[in-house]
There are 2 protein chains.
Amino acid sequence: MALPYKAHDLFLVAVDCIIFGFDGKELKVLLVKRSFEPAKGGWSLIGGFVKKEESVEAAAGRILYNLTGLTDIYMEQISCFSNPNRDPGGRVLSIAFFALIKIDDYPADLMEQHNSGWFPLYKVPPLIFDHRQMLQMAKAGLQAKAASHLIGFELLPKKFTLQQLQGLYEAIYETVLDKRNFTRKILSLNVLRKLNEKEKESSKKGAFYFVFDRRKHAKQTEKSMMFL
Amino acid sequence: MALPYKAHDLFLVAVDCIIFGFDGKELKVLLVKRSFEPAKGGWSLIGGFVKKEESVEAAAGRILYNLTGLTDIYMEQISCFSNPNRDPGGRVLSIAFFALIKIDDYPADLMEQHNSGWFPLYKVPPLIFDHRQMLQMAKAGLQAKAASHLIGFELLPKKFTLQQLQGLYEAIYETVLDKRNFTRKILSLNVLRKLNEKEKESSKKGAFYFVFDRRKHAKQTEKSMMFL
DNA sequence: GCAAAAGTGTTTTGTCTACACCCATGA
DNA sequence: TCATGGGTGTAGACAAAACACTTTTGC
């Protein structure tokens, strides 16, 4: 069969991933030092080219796996970036994704190996191409999503204290929340299970651990998570 | 200079536009009968291929202009659709946009010329490829955006009555709103200007026209528009 | 015994919801 | 004069915001 779409322009298509992590205090983004031209040596989002036989989602998953060794990473498409001059190396479209990982799941040896590093959002170095803009949109997308869906847990260890959870939301929204109001609200969502175990690092008294309970969550109709 | 990105796969890239219109009663989407293979004769979103020297936004604008003769159409990127089998005619990525137009701005003669037609959202015929899925996402995107931004006015004529405006939000959210609560809320946003002129078609008494006042709007901090 | 973080309730405020009648007009 | 849609206010329920002290325990 003759291909019906002759005579149209062809594009290289990349994906770039804004990988967020949370260290208990700050929201951070994972960047790599680019190892090839153009813009070799510049700080860059994690990216790569899409292959013909895969979707862009599959490509993002593959690239994240290659970098981190992790599968089933929470991921969401942000936008297609397509300014004709965005990449001096060629005519490349890029589909940006944000991804949420538990910061401890990304082993330090891989960080060295890939020349990558975590940067707090307010200390991000100059980025190549339009990656700064991608980061801005990813941050906005994360805020929007977290306002209505319980995605925060993707950024926390399996068990966490309420104060860590509150700190995460404070980091995402760059705001300060009232401890009592936050506790009441999050518990009223009925998606947490309290463990009989305390985190004793950061205080003498110790704070109870909680886990996100998917069973409970499935039973809830999603309430607003707007903490602002 | 040698191109640094050799040996990566190339893609055709299309844009598809979900064009919404509002006739005073129903939210509608503009579809065309496809005039070429594959899927010739099937109902399709309005689309076309992206050219090398333009962004996807520019491509969408060009395609909308070619179809409607309109410029400065409100438009928002939804998502990239990239399933390898989505288009039997070739390996085509598509970037979906939703677009909002004032339904009367699209002249009837152009509709005939392009074999296009307006369909209420609950009476959409089977669509080609993944266009149904695009439409679903566009609808969700419209609802999400309209909840926090005053984009509804893009779908209404310059002057409109409060009942038309309410009808629009009811159509977008597929719900029924209380007239008094709606009136109070929308007027409290302080973005409308009441005209000294009445619409007398649909009632004996006549309903005052309002216009969206961009000056007032600029002075407001965007409040929630959630009417649900 | 004291420093440091954990945990816990009440009051006030504002917002959302539900609800029904009179008005102006053209036919 | 009557049928039609236009326009308007209030009370109750609920949710959000503000706010401070006691508890635990390792040092």
Side-chain angles (χ1 to χ4, degrees), chain A residues 23-26 146-148 156-157 159-171 173-211 220-228, chain B residues 23-26 146-148 156-157 159-171 173-211 220-228:
Chain A
D23 67 359
K25 290 195 68 177
E26 290 176 332
S148 57
L156 289 170
K159 44 187 190 179
F160 48 83
T161 67
L162 291 182
Q163 327 311 319
Q164 289 171 327
L165 185 58
Q166 178 177 342
L168 170 60
Y169 278 101
E170 290 179 333
Y173 293 111
E174 295 171 324
T175 186
V176 175
L177 301 172
D178 179 87
K179 184 168 54 160
R180 282 169 290 187
N181 292 338
F182 179 83
T183 304
R184 185 178 331 110
K185 183 152 186 182
I186 201 80
L187 291 178
S188 78
L189 293 178
N190 208 27
V191 295
L192 297 184
R193 198 172 66 241
K194 189 180 195 169
L195 300 184
N196 250 336
E197 189 187 352
K198 283 188 164 186
E199 191 273 342
K200 311 268 294 186
E201 300 272 306
S202 55
S203 78
K204 328 256 162 132
K205 186 176 176 182
F208 279 104
Y209 278 118
F210 287 78
V211 292
Q220 307 298 314
T221 63
E222 197 95 46
K223 294 190 211 170
S224 166
M225 288 287 298
M226 197 59 96
F227 292 112
L228 301 182
Chain B
D23 67 357
K25 289 196 71 177
E26 290 176 330
S148 58
L156 288 170
K159 44 188 191 179
F160 48 83
T161 66
L162 290 182
Q163 326 313 317
Q164 289 171 328
L165 185 58
Q166 179 177 341
L168 170 60
Y169 278 101
E170 291 179 334
Y173 293 110
E174 294 171 327
T175 186
V176 174
L177 301 171
D178 179 86
K179 184 168 55 161
R180 281 170 291 189
N181 292 340
F182 180 84
T183 304
R184 186 180 330 109
K185 184 150 185 182
I186 200 81
L187 290 178
S188 78
L189 294 177
N190 209 26
V191 295
L192 297 185
R193 199 172 66 242
K194 190 180 195 168
L195 300 184
N196 249 335
E197 190 189 350
K198 282 187 165 185
E199 191 272 342
K200 312 268 293 184
E201 301 270 307
S202 56
S203 78
K204 327 258 163 130
K205 185 176 177 182
F208 280 105
Y209 277 120
F210 287 78
V211 292
Q220 307 298 315
T221 63
E222 197 94 43
K223 293 190 213 169
S224 166
M225 287 286 299
M226 197 61 92
F227 292 112
L228 299 182

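Letters A, B, ... mirror the listed sequences (proteins, then strands); counts begin at 1.
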Whole-Å distance separating the CZ atom of B:R184 from the C1' atom of D:dT8: 10 Å

Sort out for me which residue in A:E197, A:Q164, A:E199 forms a side chain to side chain donor-acceptor pair (under 3.5 Å) with A:K159. A:E197

From CG of A:L177 over to P of D:dC19, roughly how many Å is that when rounded to an integer? 15 Å

Quickly work out the A:L195 CG to C:dA6 P distance and round it to whole Å. 16 Å

Please give, in whole Å, the distance from D:dA15 C1' to A:L189 CG? 13 Å

Between D:dG9 atom P and B:F182 atom CZ, what is the distance in whole Å? 18 Å

In whole Å, what is the span from the NZ atom of A:K25 to the P atom of C:dA5? 10 Å

Side-chain contact test, heavy atoms from C-beta onward, threshold under 4.5 Å: evaluate it for B:L177 versus B:Y169 and give yes or no. yes

Separation of B:Q166 atom CD from D:dG7 atom P, in whole Å? 11 Å

What heavy-atom pair brings A:A171 and A:K25 nearest, and what distance separates the two atoms? CB-O, 4.3 Å

Contact class for B:T161 (heavy atom, under 4.0 Å): base, sugar-phosphate, or nothing? nothing

Roughly, in whole Å, what's the span from OH in A:Y209 to P in C:dG7? 12 Å

Please confirm whether A:K194 makes a cation-pi placement over A:F210, using NZ or CZ under 6.0 Å from the six-membered ring centre and within 45° of the ring normal. no

Could you write nucleotides 20-27 of chain C as a row of B, S and -, 5' to 3', where a protein heavy atom under 4.0 Å of any base atom gives B, of only sugar-phosphate atoms gives S, and otherwise -? B--BBBB-

